[in-house]
Amino acid sequence: MVDYLQKKRIVIKLSGSIFSLSDTHVQDSNNYYNIFKQYSDVLINLTSNVQLIVITGGGSIARLYIKFARKLGLDEASLDLLGIAISRVNAKLLIASLGNYAYPEIPQSLDEVSRFMESNKIIVSGGLHPGQSTNATSALIAEKTRASEFINATDVNGIYDSDPRKNNDAQLFEKIELGKLLTLLLKESSMAGEYDLLDIIALKVIERSKIRTKVILANPNNLSNAIQGRNYIGTEVLP
Ligand code: UTP
């Protein structure tokens with residue numbers, strides 16, 4: 001295996017939507033098991049040449065718990081910590097699925113991400129700091145680890161000129177300049193549980209460190225293609 005210092009590093013954000021539990025998953029746990037196994041297979045197949053750092057989102061479970069806890073009176077910072085805790089549950093499950101290929105611990109800070117990388121294993125992280133999203137955390141991790149690329153695997157085909165879940169006429173960008181994207185996203189919400197696609201913190205980090213970024217449709221095949229520089233469904237952000 002190539003030494004970790006010689007390997008190029010790719011940071012991958014896996015949308016929390018991938019890990020969202022549905023009734024089908026509860027009725028037949030094989031469906032849920034397969035999601036983890038399919039993503040793990042992609043990551044394991046590529047890890048001998050590339051150092052992979054994967055960040056798992058919190059998904060609908062995080063949003064649901066945040067909604068309940070807000071109603072119960074919890075402050076926004078504590079709600080963020082709740083979201084981070086859920087994203088770390090997803091990280092734990094992915095670590096379990098990757099077995100010996102993954103570093104067994106979840107980093108609690110950017111410094112720990114760097115330290116864990118010396119293991120030459122796949123690092124899996126959840127969120128790190130309140131007040132942001134796992135997208136911002138992923139951009140910061142890409143910056144800190146000097147990753148050659150940041151791949152954000154999400155539940156839509158890429159970046160549109162408006163929210164495709166709300167607008168049927170939304171247009172998908174194949175490439176988009178960062179400045180344009182910043183203008184598009186300035187209208188974003190910053191309440192706990194509501195950070196979308198790429199938030200302002202993520203974009204500012206991508207901008208200042210000129211991180212190559214792809215926002216792609218999350219499915220194992222598409223992820224594998226994007227990591228290997230093949231054609232993929234998604235949008236390239238030009239920093
Ligand atoms: P996510 O950012 O993962 O939300 O964290 P998500 O909706 O699942 O995003 P996608 O779908 O993966 O893109 C859930 C919540 O946890 C808190 C925030 O409140 C966030 O909305 N969080 C997460 C933080 O405060 N800091 C972090 O580093 C990560």
Side-chain angles (χ1 to χ4, degrees), residues 11-22 25 35-36 39 53-94 106-113 123-145 150-160 163-166 181 184-185 188-206 213-220 222-223 226 234-235 237:
V11 168
I12 300 161
K13 157 73 199 294
L14 293 181
S15 164
S17 61
I18 295 168
F19 310 105
S20 291
L21 271 168
S22 67
H25 295 142
I35 294 171
F36 284 93
Y39 277 99
I53 303 150
V54 184
I55 297 90
T56 51
S60 59
I61 300 180
R63 277 192 294 275
L64 189 66
Y65 281 16
I66 285 171
K67 194 170 137 193
F68 287 150
R70 184 179 284 126
K71 218 169 173 179
L72 292 170
L74 212 59
D75 60 276
E76 288 295 316
S78 304
L79 293 173
D80 279 340
L81 290 170
L82 188 60
I84 291 172
I86 302 296
S87 67
R88 287 180 175 159
V89 170
N90 290 332
K92 263 285 172 215
L93 291 172
L94 186 60
I106 297 172
Q108 309 288 311
S109 67
L110 288 176
D111 282 337
E112 274 198 349
V113 174
I123 312 301
V124 188
S125 178
L128 291 178
H129 312 289
Q132 59 194 46
S133 64
T134 39
N135 292 325
T137 301
S138 305
L140 283 162
I141 289 177
E143 184 173 63
K144 174 77 180 162
T145 59
F150 166 31
I151 297 175
N152 188 347
T154 180
D155 60 346
V156 286
N157 283 347
I159 300 174
Y160 289 79
D163 190 340
R165 285 165 292 203
K166 294 177 194 153
L181 189 51
L184 270 177
L185 295 186
E188 280 247 344
S189 162
S190 59
M191 301 282 277
E194 292 179 12
Y195 308 116
D196 228 353
L197 269 190
L198 281 172
D199 53 289
I200 298 298
I201 304 175
L203 285 177
K204 287 287 176 191
V205 173
I206 291 168
T213 302
K214 293 171 184 163
V215 177
I216 69 159
L217 175 67
N219 72 47
N222 201 40
L223 177 65
T235 304
V237 179

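Counting starts at 1 for both ligands and their atoms, in listed order.
Shortest non-hydrogen contact noted between L223 and Y39 is CD2-CD2, 3.9 Å. Taking every heavy atom of both residues into account, I106 and E112 meet most closely at O-OE1, 4.1 Å. Shortest non-hydrogen contact noted between T137 and G126 is CG2-O, 4.0 Å.
Of all the heavy atoms of L128, the ones lying under 4.0 Å from any atom of ligand 1 belong exclusively to the backbone. Residue contacts with ligand 1, taken as heavy atom pairs separated by less than 4.0 Å, involve H129 solely via the backbone atoms N, CA, C and O. Residue-level proximity to ligand 1 for S133 is carried by backbone and side chain together, each with a heavy atom below 4.0 angstrom.
Here's the thing with T56: none of its N/O atoms is less than 3.5 angstrom from an N/O atom of ligand 1. The shortest N/O to N/O separation between R63 and ligand 1 falls below 3.5 Å.
With S15 contributing its side chain and T154 its backbone, the two residues share no donor-acceptor pair below 3.5 Å. No donor-acceptor pair closer than 3.5 Å links the side chain of T235 to the backbone N or O of V215. No donor-acceptor pair closer than 3.5 Å links the side chain of N135 to the backbone N or O of A202. Formation of a donor-acceptor pair under 3.5 Å by the E143 side chain with backbone atoms of A139 is not found in this model. Listed for the K13 side chain is no donor-acceptor partner under 3.5 Å among the backbone atoms of T134.
Side-chain N/O atoms of D75 and S78 include a donor and acceptor closer than 3.5 Å.
Close approach of ligand 1 to K13 (heavy-atom distance below 4.0 Å) involves ligand atoms 9 (O), 10 (P), 12 (O), 13 (O). Shown in contact with G127 at under 4.0 Å from a heavy atom are these atoms of ligand 1, numbered in order with element: 27 (C), 28 (O), 29 (C). Each of the atoms 3 (O), 8 (O), 12 (O) of ligand 1 lies under 4.0 Å from some heavy atom of G57. Annotation for ligand 1: atoms under 4.0 Å from non-hydrogen atoms of G59 are 6 (P), 8 (O). Below 4.0 Å from some heavy atom of G58 lie the following atoms of ligand 1, by number and element: 1 (P), 3 (O), 8 (O). Residue-ligand proximity, P130 to ligand 1, at heavy-atom distances under 4.0 Å covers atoms 25 (O). Numbered from 1 in the order shown, with element, the atoms of ligand 1 that lie under 4.0 Å from a heavy atom of S15 read 10 (P), 11 (O), 12 (O). Taking every heavy atom of G131 and a limit of under 4.0 angstrom, the matching atoms of ligand 1 come to 25 (O).
With distances taken over non-hydrogen atoms, the option nearest atom 1 (P) of ligand 1 out of N135, T134, I55, L81 is T134.
Going from atom OG of S133 over to atom CD1 of I55 covers 11.0 Å, rounded to the nearest 0.5 Å.
In this structure, I84 counts as a contact residue of ligand 1, since one of its heavy atoms falls inside 4.0 Å of the ligand.
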